[in-house]
Amino acid sequence: ELQDALDKAGLVPWYYKLMGYKDADKIGAEIKTLNELIETDLSQRHYDVSNVFVIFETEHAQQQALKQLACPGIDKHRNNTDALPKEMLFRGNKVLAVKEPPDPSSVRWKDLDETAATQLLQRFCTFLFTLCIILASGVIVTYMRYKYGIFYAALTVSAVNTLAPMACEYATDYESHPSEGEKQASLYYKNTAILWVNTAIITAFITPFADTLEDEQDALIPAMMAIFITELFKA
C-alpha cells in the first residue's frame, strides 16, 4: 500500500520545497526506516505501564464498572483493600484508580508517563514565570503612569495584555498534561491572572484612594477609560 501511494504521488514543485515540503520518495524512505526501527529495536524494549484504557461495548457497562470500582482518593493512595469488595481488587490486593477518560483525540499520549513530582516542578516553574510577568508589568505600568501619564500607562497595559498570552502559551508547552483540556485550563488560569491583575488591580493599586472617584486626569475612572479606549483600538 505504501508503494502504491508513492507511485501515485506527484513531484513537489521547487517553491514548495523552499517551505520545507519533501518529495514522496524521501518521505517513503523515512517511513521504511521508521518501520525497521520499530520492528528491530522499539518493539523489543520493555516499557512500564503508566495508564490502561479499557473499551466497553455499551455506555451502561462503562458506568457500572466506574460505580463498582469507585472509592475515596485517600483509599486509592493508601491502597486500602478494605474499601472495596475482594472481587473488585486487582490481583486480589490492589485498589485501582479508575476514572472516565477524555476523548482519544484530546489525550496527550506522550505525557501520560510523567510522574507527579515532575508535573509539580513544571507547574512551579511556570507559576514563577507568570509571577515574574505580573511583577514586571506592575513596575513598568507604574513607571509609565507617574513618568508620562495615564495614556502611556494604558498603552503599556494593552501591550502587556497582547504579549502576555503568547508568553503564557510558550510556557504552558513545557508542562506535561494528560489531556488537552487540562493544558487549556492551565493556560486559561495564567492568562486570567495576568490580564486581571494587569488591567484592574495594578491600576487601582497605584491610584491614591482619595482620587478613586475624582474626575481629574490621574484619577481611577479616567485611567480605566484610557485602558478601555486603547483596548478598543487594539481590537
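Reckoned from all heavy atoms, side chains included, excluding hydrogens, waters and symmetry mates.
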So Glu30 and Lys22, do their side chains get closer than 4.5 Å, heavy atoms only? yes
Which distance, rounded to the nearest 0.5 Å, do you find between the CG of Leu69 and the CZ of Phe90? 11.5 Å
Tightest non-hydrogen contact, residues His177 and Thr172, listed as NE2-CG2, 4.4 Å
Using modelled atom types and a 3.5 Å cut-off, is there a donor and acceptor pairing between side-chain atoms of Asn51 and backbone atoms of Trp109? no
Side-chain heavy atoms of Ser179 within contact of Val107, under 4.5 Å: no
Within this structure, what is the OG1-CD1 distance for the pair Thr156 and Ile202, rounded to the nearest 0.5 Å? 10.5 Å
What distance separates Thr58 OG1 from Gln64 CD, expressed to the nearest 0.5 Å? 9.0 Å
State plainly whether one hydrophobic cluster holds both Leu135 and Val197, where clusters connect Ile, Leu, Val, Met, Phe, Trp and Tyr through side-chain heavy atoms under 4.5 angstrom apart. no
Within-4.5 Å side-chain heavy-atom neighbours: Gln122 and Ser176: yes
Does a sphere of radius 6.0 Å around CD in Glu87 hold more than 12 heavy atoms from other residues, nucleotides or ligands, not counting ones at 6.0 Å or beyond? yes
Nearest heavy-atom contact between Lys76 and Cys71 is CE-O, 3.3 Å
Are Val141 and Ile201 linked, directly or through intermediate hydrophobic residues, by side-chain heavy-atom contacts shorter than 4.5 Å (ILVMFWY only)? yes
Has the side chain of Asp75 got a donor or acceptor atom that lies under 3.5 Å from a matching backbone atom of Asn80? no
Could you check whether Lys183 pairs with Asp173 (Lys NZ or Arg NE/NH1/NH2 to Asp/Glu carboxylate O, under 4.0 Å)? yes
Run the salt-bridge test on Lys190 and Glu175 with the 4.0 Å N-O cut-off and return the result as yes or no. yes
Where the side chain of Asn198 meets the backbone of Val157, is there a donor-acceptor pair that is under 3.5 Å apart? yes
Backbone of Leu155 reached by a side-chain donor or acceptor of Ser158 within 3.5 Å: no
To check you understand the geometry: which heavy-atom pair defines the closest contact between Pro101 and Phe53, and what is its length? CB-CE2, 3.9 Å
Regarding Thr199 and Asn161, is there a side-chain donor-to-acceptor distance under 3.5 Å anywhere? yes
Taking only residues two or more places apart in sequence or in another chain, which ones pass side-chain contact (heavy atoms from CB on, under 4.5 Å) with Tyr143? Lys147, Tyr148
Check whether any side-chain heavy atom of Ile194 lies under 4.5 Å from a side-chain heavy atom of Cys168, and answer yes or no. yes
Report, as yes or no, whether the 6.0 Å neighbourhood of atom CZ on Phe56 holds more than 12 heavy atoms from other residues, nucleotides or ligands. yes
Rounded to the nearest 0.5 Å, the CG atom of Asn79 sits from the CG atom of Leu96 at a distance of 9.0 Å
Does Glu169, at its CD atom, have more than 12 non-hydrogen atoms belonging to other residues, nucleotides or ligands within less than 6.0 Å? no
For Arg78, look at atom CZ and say whether over 12 heavy atoms of other residues, nucleotides or ligands are found less than 6.0 Å away. no
For a quick test of reading the model, state the closest non-hydrogen atom pair linking Glu36 to Thr40 and the distance between them. O-OG1, 2.6 Å
Taking all non-hydrogen atoms of both residues into account, name the closest pair between Ile133 and Ala167 and its distance. CD1-CB, 4.0 Å
First locate atom CZ of Phe129, then atom OH of Tyr174, and finally report the distance between them rounded to the nearest 0.5 Å. 10.0 Å
Kindly state each residue pair satisfying salt bridge (Lys or Arg N to Asp or Glu O under 4.0 Å) with at least one member in residues 90-102, sequence neighbours excluded. none
Can you tell if the side chain of Leu37 reaches within under 4.5 Å of the side chain of Thr33, non-hydrogen atoms only? no
Heavy-atom donor-acceptor pair, Ser186 side chain to Glu182 backbone, under 3.5 Å: no
Heavy-atom check, side chain of Thr118 versus side chain of Thr115, under 4.5 Å: yes
Between CD on residue Gln119 and CZ on residue Arg123, distance to nearest 0.5 Å: 5.0 Å
